[in-house]
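Each chain gets a letter, A, B and so on, in the order the sequences are listed, and its residues count up from 1.
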Amino acid sequence: MTEHDSTAEVVVPENAVTLDVVEVRSGAFGVRGSGDTSGFGGVVRTVTLPAPSVRPYGEWFDDLADELEASMGAAGIEESAIRSVVVDRGEITFIVERERFRDMAQVLRDEPGLRFEFCSSVSGVHWLGDEGRELHVVAHLQSITHNRRIRLETTAPDSDPHVPSLVQLYPTADWHERETFDFFGIIFDGHPGLTRIMMPDDWAGHPQRKDYPLGGIPVQYKGATIPPPDERRSYS
Amino acid sequence: MGLEEKLPSGILLTSVEKLAGYSRKNSLWPATFGLACCAIEMMASGAGRYDLARFGMEVFRASPRQADLMIVAGRVSQKMAPVLRQIYDQMPEPKWVLAMGACASSGGMFNNYAIVQGVDHVVPVDIYLPGCPPRPEMLIDAILKLHDQIQDTKLGSNREREVRELETVALGATPLIDQRGLLR
Amino acid sequence: MTTTPDDTTGTWPGTSSAEEVLDDTFEADLDDVDDVDDFDELSHDDYASAYETTEGKVYTVGGGDWDTIEAPAEGEQERLVVNMGPQHPSTHGVLRIILELDGETVTQTRCTIGYLHTGIEKNLEYRSWTQGTTFVTRMDYLSPFFNETAYCLGVERLLGITEQIPERASVLRVMMMELNRVSSHLVCLATGGMELGALTAMIFGFRERETILDLFEMITGLRMNHAYVRPGGLKEDIPEGSEQTIREQVALVRSRLKDTANLLVDNSIWMGRTVGVGYLDLTGCIAMGVTGPPLRATGLPHDLRKSQPYCGYETYEFNVATQTTCDVYGRFLIRLQELEESLNIVDQCLDRLRPGPVMVEDKRIAWPAQLSIGSDGQGNSLEHIRKIMGTSMESLIHHFKLVTEGFEVPAGQVYQAIESPRGELGAHIVSDGGTRPYRVHFRDPSFVNLQAVPAMTEGSFLSDVVAAVASVDPVMGGVDR
């Protein structure tokens, strides 16, 4: 291996985008401390999500983004409401600020050129290592008129897990938001009745968060026990 | 044996226990407690091809007050466990429980926060049936084994003695974790 | 829920105390009472006559004091709240419906779910990508192939290998999915018929379903919960000579479908129970997010196999069944028609099957397929075992790493939606670049369709609730996951 000269200039291409590092994990396979001959203990993995895309997005995404920006202007939503746009694997995701989550959904639903009248699902994702942006709320919208799908995503910190509710726009989001609250603790402001839906009503904790254990029991065999899946060694 | 030969034909001798066991096992009415995938296989065993009616069991009673056998078919979640116990308590004696499937017997593949790891945490189980889901033929085999168990159940003071013996055996049995050095 | 007597007066709330009753009656003419029995009658009261006996004071409660009970508050009607509990023969699984009734009419409906919540989505985060198939298949247990296919298509999109899936694998996936659609609709018709009283429909439905399950067992080895579709292709190819068997059985099922149709279509009793029941028009469906047969019963021919095709569905010829009546009968007719269409698609699949691999070529992903039953009764490919154990160390290491660690999927998220028998089944899969899913969320059609049950049933009769829920065809495994 050649020696790396830290004072050399790093050449950055023009359209380079800084990757968003979500989490850095070190030490795979549960190996800790000395006596690690496998080398897994020194593995460092950076977790990054797909980078925000730059124009032109390709396919029909450019037209959609143009229409959306025009409609946002007409509705009085500032351009900075869209934090980033990610075009990945044939899908487009708009990551918006959470105060504008419902306004953006309203624009997407009501504008004739956009007309995303069908909300497929609203769910959550918990990125534990990402300070200030742990809880993501993802809404999948479908336009049956134009036969298109987009994803509207927003983030909220663990310390203040409030996101505006979409129930007034899409009544179907009712149970979806209740389920997301049940599993992640995200509180949807404006929801008519935000209660637990899957877990018993007096359950403590929000099960699908990353800091909630899987909750299994060790399984007994003849002369040995196997620990539950979340306590076993894992590669990642 | 000599007495039976001297009797006129058309008379059988038996014991009250055997008669009671015979009538109980042949008209065992299951309670509908189908929860998940195993429930579909239970319905299939009640349907045309694997007929449960030939064992007197096609009548799945919706009301637990009229049922003898509770076939717990499927995974029991934490929310459902009190309901399960309440249905079991509403069944009148004598009653039996068949844990159908891996999830009812031991939690199955779902070793997590949401599933009760074995329905015997909630109700006493008479017969466990593994499988995911068990075929209808396996279910019928389990039911027939339960029939044998019911046929051999004693009554009255014999039953009390039997229960004490079973309990002594169970308390003295080696737990699974201590059974070392065995392949099966 | 139990009320306790008021300690100071010793009576139930809302009624006058015994002393008050006695005081009232004492003011009446006790001396005028003519027939006093042997025991001293202390009071003659319609509600609680008191006698002094050797045991003490004994009250005989006879009722008849309605005027002394407090009247209900102004304008407050008596509410009858009925619980169709989780254990019920007609609620399609562990669904709890709380109904507020006014006589026989339902004024409010609330569905409670979560009695079958299994934590599958969290479990998936602790298993490799290939092992995810076995969990996902048990969610909507009547349509396991659809769950598996949605998950595997999503994983393949994340991997970027969608174009490299062999054509034989796609054709077989379509065939298994359509056979599964048939078996799922048969269960819907069977249980729906049973819940409304048509028990013969149950026998017919399950009889046909057994034929289809025999096909599944022949191809995948299991009747239910197959784990047959894997990321990258299929677990194994169909056995030799099975194409002929499949054709014969499909023809058999097609001929037997006439029995159910003859029994129920244009049957005045069935139509009386289902026509005009569970009405949900297009606006209601779109607002509530309802897809599948209830949406197509409103007249909108929305089918993801046509509008956003996957697995090569754009190359098959089939019609989208629609009705315009928006009621239970319309949904029933749609399901009957979809049965016919699915059997046609299965025939088309068999026609276009060509020999080829069923797993993707990429060795980093490809699970060793082409497994066959060896002489020891185990499902292993003997050539593969011979190679990895006998000749090639690298193959053994590769097999070991592939099975224990699994393949890595590049980071990102994807939403894959397919048309399951109940509606749009969507898989939102998030990967962090590792060998395990980071987050998998399934948008289950039954979960969303159940939200629309209050809209369908409020204002109708109690028996219509059963019919409406049966027409939505919820599978609680998918609802609760």
Chain C contact via [X] - side chain, backbone, both or neither, heavy atoms under 4.5 Å:
| X | answer |
| --- | --- |
| A:R209 | backbone |
| A:P213 | backbone |
| A:R151 | side chain |
| A:I197 | both |
| A:V86 | neither |
| A:E153 | side chain |

**OP:** Apply side-chain contact (heavy atoms from CB on, under 4.5 Å) to A:A105 and list each qualifying residue two or more places apart in sequence or on a separate chain.
**Re:** A:L152, A:L166, A:L169, A:Y170
Original post:
Any donor-acceptor pair under 3.5 Å linking the side chain of C:K122 with the backbone of A:Y212?
Top reply: yes
Subject >> Donor-acceptor under 3.5 Å (A:E91 side chain, C:V414 main chain) >> reply: no
Measure [X] against the heavy atoms of chain A and call it side chain, backbone, both or neither at under 4.5 Å.
| X | answer |
| --- | --- |
| C:L450 | both |
| C:L304 | side chain |
| C:Q451 | both |

**OP:** Check the side chains of C:Q413 and A:R89 for a donor-acceptor pair under 3.5 angstrom, ignoring hydrogens and angles.
**Re:** no
Just how far is it from atom [atom1] of [X] to atom [atom2] of [Y], taken to the nearest 0.5 Å?
| X | Y | atom1 | atom2 | value |
| --- | --- | --- | --- | --- |
| C:N123 | A:D230 | CG | CG | 9.0 Å |
| C:S307 | A:Q142 | OG | CD | 6.5 Å |
| A:M199 | C:H117 | CE | NE2 | 5.0 Å |
| A:R149 | C:Q308 | CZ | CD | 4.5 Å |
| A:S121 | C:H428 | OG | NE2 | 7.5 Å |

Original post:
In chain order, what residues pass the side chain to side chain donor-acceptor pair (under 3.5 Å) check against A:R133, with sequence neighbours excluded?
Top reply: A:D20, A:D130
Original post:
Is the distance between the ring centroids of A:H126 and C:Y438 less than 6.0 Å?
Top reply: no
**OP:** Assess whether side chain to side chain contact (heavy atoms under 4.5 Å, CB included) is satisfied between C:Y415 and A:S123, documenting all intermediate values.
**Re:** CA-CA 12 Å; C:Y415 180 78; A:S123 63; over 6 Å; no
**OP:** Evaluate the side chain to side chain contact (heavy atoms under 4.5 Å, CB included) criterion for residues A:Q208 and C:E121: first the C-alpha distance (whole Å), next the side-chain angles of each, then the deciding distance (0.1 Å), finally the verdict.
**Re:** CA-CA 8 Å; A:Q208 275 177 9; C:E121 294 177 352; 3.1 Å; yes
**OP:** Please report the C-alpha distance between A:W175 and C:M288 in whole Å, then the side-chain angles of each, then the deciding distance to 0.1 Å, and finally whether the side chain to side chain contact (heavy atoms under 4.5 Å, CB included) criterion is met.
**Re:** CA-CA 10 Å; A:W175 277 17; C:M288 301 307 296; over 6 Å; no
Original post:
Under a 4.5 Å heavy-atom cutoff, which of C:G412, C:G426, C:G433 has the most pairs with chain A?
Top reply: C:G412
Original post:
For chain A, which of C:A287, C:P410, C:S431, C:P445 has the most heavy-atom pairs under 4.5 Å?
Top reply: C:A287
Original post:
With side chains defined as the heavy atoms from C-beta onward, is the minimum distance between A:H176 and C:F447 less than 4.5 Å?
Top reply: yes
Subject >> Top contributor to chain C contacts, counting heavy-atom pairs under 4.5 Å, from A:P200, A:C119, A:P207 >> reply: A:P207
**OP:** Return the option, out of A:D182, A:D88, A:L214, A:V125, with the maximum number of heavy-atom pairs under 4.5 Å with chain C.
**Re:** A:L214
Original post:
Taking NZ, NE, NH1 and NH2 as the nitrogens, is one of them in C:R481 or A:E179 under 4.0 Å from a carboxylate oxygen of the other?
Top reply: yes
Subject >> Considering all heavy atoms, the nearest C:A411-A:P50 contact >> reply: O-CG, 3.6 Å
**OP:** Determine, stepwise, if the pair C:V430 / A:V138 fulfils side chain to side chain contact (heavy atoms under 4.5 Å, CB included).
**Re:** CA-CA 11 Å; C:V430 180; A:V138 176; over 6 Å; no
